[in-house]
Structures are given as structure tokens and as C-alpha cells.
Amino acid sequence: MMSVPNASMDHLPTPVLDVEKIRADFPILHTVVRGKPLIYLDNGATTQKPKQVIEAVRRYYERENANIHRGVHYLSQVATESYESVREKIRAFINAREAREIVFVRGTTEAINLVARSYGASHLTQGDEVVISAMEHHSNIVPWQMICEEKGARLKIIPINDAGELVMESLPALLSPRVKLLAITHISNALGTINPVQEIVALAHERGIPVLVDGAQAIAHTAVDVQALGCDFYAFSGHKVFGPTGIGVLYGRAELLESMPPYQGGGDMIASVTFEKTLYNEIPYKFEAGTPHIAGVVGLGAALDYVQSIGLGNIAVYEKQLLEYATNRLEAFDDVHILGRARSKAALISFNIEGVHPHDVGTILDQYGVAVRTGHHCAQPVMDRYGVPATVRASFALYNTFHEIDVLVEALAKVREVFR
Amino acid sequence: MTLPELKDLYQEVILDHTKRPRNFRRLEDAQLKAQGMNPLCGDKVEVFIKMNGDVIEEVTFQGAGCSISTASASLMTQILKGKTIAEAKELFEKFHDLVTGKAKDAEFHKKLGKLLVFSGVCEYPVRVKCATLPWHTLKAALEGLDKPVSTE
């Protein structure tokens with residue numbers, strides 16, 4: 001039998017969070033998979049929901065459900081108040097200047113599409129350029145490709161080095177006078193790299209180029225301050241920060257949002273409509289056509305309250321412990337290769353086992369109750385960069401434990417046993 | 001010790017064909033070929049066929065994929081040698097029923113021969129596409145499709 005390197009239950013670090021108390025808040029973490037306790041290490045795909053979020057959504061439907069911004073009746077006012085109070089909560093959470101800079105969307109993908117379709121379509125012309133990086137998720141590539149193709153503009157790519165960090169020296173040369181926008185991920189979903197957003201924004205702004213930040217992987221793991229980052233747009237999804245699916249946020253600087261044409265037409269986004277002319281509503285409503293996912297907004301509010309009750313500072317410290325522990329344990333296998341060695345890295349490990357396809361690894365880990373992501377992680381250019389078709393990705397959150405990492409490592413030893 | 005269920009999926013024959021895939025090469029004088037891919041996991045396979053009249057004289061494959069898709073392609077190339085197009089298509093149907101758990105009687109199993117090692121796949125619905133990708137690609141080649149086939 002293959003030995004499990006350095007099994008070290010007695011050398012576990014002391015967690016800085018009361019993880020058992022946190023785990024008690026997440027009903028799904030008590031799921032039994034094939035007779036074994038679920039070990040959920042697919043937080044990069046979506047996070048689980050605490051009972052506070054589930055309860056908030058339930059309470060909304062049981063006691064507050066009505067359409068917003070419409071009725072004079074009691075419930076409509078209650079629903080509108082709940083909805084708008086979350087907008088203010090989000091403003092505070094990411095330290096935006098004003099609540100009207102917070103636009104509710106379906107998720108990060110829709111937020112990026114909104115900016116591409118609205119800001120991109122009204123600013124890009126033939127020969128212009130949009131700069132992205134080699135580590136983007138498809139959702140921060142394809143919307144730009146589509147609008148560039150439509151406008152005859154070009155996509156320029158910031159390269160990454162072997163460690164999975166942006167080659168920052170290449171950036172000044174890429175920021176030509178033709179660049180109309182720079183779109184960059186805060187944290188790479190495939191490599192875990194935390195990008196130096198502040199520095200990138202400073203370089204872009206020196207040249208008058210606005211910056212969009214894809215915050216999908218960052219929002220649950222690091223404190224986000226859009227004013228400190230200096231970015232012009234920041235996009236994130238509720239479901240990646242312990243909230244419901246189908247709700248997300250686009251932060252945009254007020255003057256930019258005001259200058260942008262609407263993204264979709266419909267109810268709520270208008271001030272007045274005649275068949276001759278429609279006057280658009282103020283921001284953010286101009287970008288919120290149709291009845292929104294009100295329950296999702298309420299749930300997202302509860303999720304952010306939950307995160308704040310624990311503190312993103314504490315979460316970041318604990319996840320760093322998890323990352324270091326998991327990295328050390330995986331490195332003890334001589335045939336496990338980790339992709340992404342950034343000095344500044346989030347709690348996510350992409351890896352491959354020599355001679356074993358990630359799909360097979362995923363199937364075997366699942367037999368041990370361990371849920372990981374296997375595949376290209378919607379980041380095929382990253383896979384191409386490293387010459388692999390896919391990887392296994394273990395992505396951690398505040399409720400994961402050192403013991404769960406031990407089980408992952410034991411299950412990986414079984415993988416090697418099967419494919420010996 | 002390995003979980004017993006895993007042994008059903010990763011049978012010795014499958015592991016052997018994963019490590020040493022048979023007929024794993026381009027066939028320069030192939031009359032028929034096709035590419036297949038599974039966009040969800042990035043598996044890619046290319047199938048080459050040399051015909052002699054209506055009979056499949058030789059099948060080879062190339063590509064990169066998981067254990068299940070590699071072993072499936074490898075065993076497919078072995079079993080199809082000397083079969084007619086109609087027999088190959090019938091075998092694919094039988095194989096498809098096997099990995100989707102639709103047919104379990106002994107009479108049916110007899111026809112599948114070595115391919116029976118994939119009977120465990122039906123317990124793993126997400127892996128059905130891995131097992132059938134080479135066959136879908138083969139079918140595309142036989143039908144002369146020049147567009148890559150996709151499992152999606």
C-alpha cells in the first residue's frame with residue numbers, strides 16, 4: 001500500500017476561527033456521501049449557505065413577498081425597503097461612495113456583459129483595444145471578444161509567468177492610446193493568484209483607462225475596498241459569498257454609470273415612456289430592467305451580515321493557514337504537481353497527479369466524500385499556458401478544516417494505489 | 001485497501017488499456033477519420049479507419065483523455081477489426097445501453113464480449129460521456145462527417 005506522507009493529526013495548526021461553531025451554521029455540511037461525511041472543497045465553484053441565509057430567504061417569502069418600487073400597499077413597501085437596505089449594506093461592504101453605485105445583476109458574468117454591452121459598445125470603435133490577462137475566466141474573455149468583434153476592436157493579453165503571476169513589466173507597453181478598457185480578475189479561479197489590482201489601476205488611470213475587476217473569487221476571501229483599489233467597476237456573485245445563486249452585483253463609479261446607455265429595456269429602468277420617446281430612470285435603476293431577484297437580494301444581505309459577523313480579516317488569516325497546510329501536505333507526494341505558485345495566493349490549489357487524468361482523480365475522491373472540481377475551470381487559456389487539458393482544484397472556505405485536508409490527502413493516496 | 005465500488009469501475013482490463021493503449025497511433029492511409037471532444041473536461045480523441053469494402057480493416061486513435069475514455073477507445077479499436085459498418089453501429093448501440101444501465105440480461109451481455117468491463121460505468125452517470133466519446137467519434141467517421149463531434 002502507498003503510504004500517506006506525513007500524516008500529522010497531532011501537528012495540526014491551531015485554527016484562528018471557531019470552525020465547529022461555523023460548521024454548525026451550514027446544514028448541508030452534515031450531508032453523508034456514500035456513507036462518508038461530505039468534505040466540500042469546491043468553494044471556487046459555489047459556496048454553501050448558512051442557515052441565516054436560508055432563513056432570510058424563507059422569511060422574505062413567508063412575510064414580505066411583493067413586487068418592489070411599484071405598489072403603495074404595505075407589502076410592497078416592506079419588500080422595497082428590504083431590497084434597498086441590502087443595496088446600502090453592499091455599499092458599506094465594499095466601501096463604495098454611494099448606494100446608487102451598486103447595480104443588482106444575476107451574477108459576475110452578467111455584470112461583465114453589462115459593462116461590455118453598455119460601456120464597451122458606446123466607447124469602442126475600429127482599431128481600439130481592450131486589455132485582459134492570460135488568467136481570466138471565460139466570463140471575462142468572451143464578452144470582450146464578442147464586443148471587440150462587433151466593433152472591429154482588438155483584445156490584448158497581459159501574459160503570466162510560470163508561477164501564475166501577471167508579468168507586470170509588460171503592462172505599460174500594452175496600455176497604448178487605443179486601449180479603452182482594462183478588465184482583470186482580482187483572484188484567479190484556476191491558479192489562486194491574487195493580482196496587484198491597486199498597482200494595475202494606477203498604471204491604467206495614468207493613461208486615462210478605466211478598469212473593471214472580476215471579483216468573483218475574491219469577495220468571500222479578502223476585504224474588498226473599491227475606493228482603495230481605485231477600480232471603476234467591480235463585479236461579484238452572491239453565491240460565491242454564501243448567498244443565493246442568481247444574484248450578483250456590479251459596482252460602477254457613479255459618473256461612469258451615469259454616462260452609460262441602458263443594458264436592457266423594460267420596467268423599472270424608465271422615468272417615462274411614450275411611443276415617441278422613453279426617458280430612462282436614474283442609476284442604478286436604469287440598469288435594473290424587470291422584476292429583480294428580490295429574495296436573492298435579501299439572501300445576499302444576510303450572507304454579507306454573516307461574513308461580517310466573522311470578519312474578513314479573520315477569514316483571510318484562517319484560509320491562509322488552510323492553504324499552507326494543504327500545500328505542505330500535497331507537496332509531500334513527489335508525483336503531485338501544483339499549478340500556480342504565486343507569492344500572493346488565495347486558498348485554492350490546482351494540481352495534477354502524474355499519469356492520472358483529473359477526471360479519474362475526481363471520481364475516486366468522490367468515493368471518499370471529497371468534492372473537488374476537475375476540468376478546465378472555464379479557463380482554457382490557462383490550461384493551454386501550462387500544457388495540461390485539465391486540473392484537479394481544491395478550493396477552501398471558512399468552514400473547511402485541517403482534518404478535511406488530511407482526508408483529501410488519504411484519498412489521493414488511494415488514487416495512486418488504483419493507478420499504480 | 002480500495003473501496004469495492006471503485007474496482008467495478010476501474011477494472012484491471014481498463015487500467016491496463018489506460019496505461020498501454022492499443023492501436024494508439026495515426027493511420028496515414030485511413031479513408032475515414034473524425035475528431036471528438038468533450039468540452040466539459042477537455043477530452044479529445046481522433047479516430048482513423050481503414051476500410052476494405054464494407055469491412056473495417058483497421059481502426060486506430062489518438063488523443064488525450066481520462067482512463068475511461070482512453071480504455072474505451074483502445075478496446076473499441078480491437079473489437080471492431082473485421083466488423084462491417086452495420087455490425088459496428090449495432091455494437092455501439094449495445095455498448096451505449098450497457099454504460100447507461102439499460103440492459104443487464106446475459107444474452108445481451110454475450111454480444112458485447114470484452115466491452116463488458118465497462119459495465120461499472122452505469123453507476124457513474126457523469127462518466128458515461130467519457131466511455132462513449134470514442135464511439136460517437138467512430139460513428140461520425142463512418143458517416144463521413146467532417147465536423148468534430150462533441151458530447152455536448
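Letters A, B, ... mirror the listed sequences (proteins, then strands); counts begin at 1.
Across every non-hydrogen atom of B/L15 and A/V418, the tightest pair is CD1-O, 3.4 Å.
Neither side chain, A/H359 nor B/D43, offers a donor N or O lying under 3.5 Å from an acceptor on the other.
From A/D366, atom CG reaches atom OH of B/Y124 across 8.5 Å, with rounding to the nearest 0.5 Å.
With hydrogens and angles ignored, the 3.5 Å screen pairs no side-chain donor or acceptor of B/K19 with any backbone N or O of A/G355.
A heavy-atom distance below 4.5 Å is found between the side chains of A/D360 and B/R127.
Neither the backbone nor the side chain of B/K44 has a heavy atom closer than 4.5 Å to any heavy atom of chain A.
Ranked by heavy-atom pairs under 4.5 Å with chain B, the list A/H357, A/M383, A/Q380, A/H376 is led by A/H357.
Counting non-hydrogen atoms of neighbouring residues, nucleotides and ligands closer than 6.0 angstrom, the CD atom of A/E331 exceeds 12 such neighbours. For B/R22, the CZ atom is densely surrounded, since the number of other residues' heavy atoms within 6.0 Å is greater than 12.
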